[in-house]
Amino acid sequence: MTTPEPSTGRELQEEIEQTREHLGQTVEALAAKADVKARAQAKAAEVKVKAQDRAADVKSRAAGISGNVRQSQMVQRRWPLVAVVAGAILIASSIVVRRRQQR
């Protein structure tokens, strides 16, 4: 793409300034791409944030599951107690019935 030739010194000066600005932007972009250390640090920070988010998600899920497990364990622990109480009631009632029959 060709540009028309500048006719005055002022136009020439403006074109030079635009070219310098464009060249400066291009150099900055190339320098940013060439800065491997900065890019690696940025990527590491991004991965760290994602890992922290996942860890928080897993932690909340685990807390929910552990709550369900605890509740289920409490129900399981109650059954032996219920069986012992029921057995005691049966024994006590059989003792009462035998004593009444002996009278």
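At least one side-chain heavy atom of Q13 sits under 4.5 Å from a side-chain heavy atom of E17.
Of the inter-residue distances, the one linking K43 atom NZ with E46 atom CD reads 4.5 Å to the nearest 0.5 angstrom. From L90, atom CG reaches atom OG of S94 across 7.5 Å, with rounding to the nearest 0.5 Å. Atoms NZ and CG, on K33 and D35 in that order, are 13.5 Å from each other to the nearest 0.5 Å. With values rounded to the nearest 0.5 angstrom, T26 atom OG1 is found 7.0 Å from L30 atom CG. With rounding to the nearest 0.5 Å, the separation of OG1 in T8 from CD in E14 is 7.5 Å.
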Would Q41 and K37 count as a side-chain contact (heavy atoms from CB on, under 4.5 Å) here? Give the steps.
CA-CA 6 Å; Q41 288 173 342; K37 183 178 179 182; 3.6 Å; yes
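With sequence neighbours excluded, the residues forming a side-chain contact (heavy atoms from CB on, under 4.5 Å) with R61 are D57, listed by chain and number.
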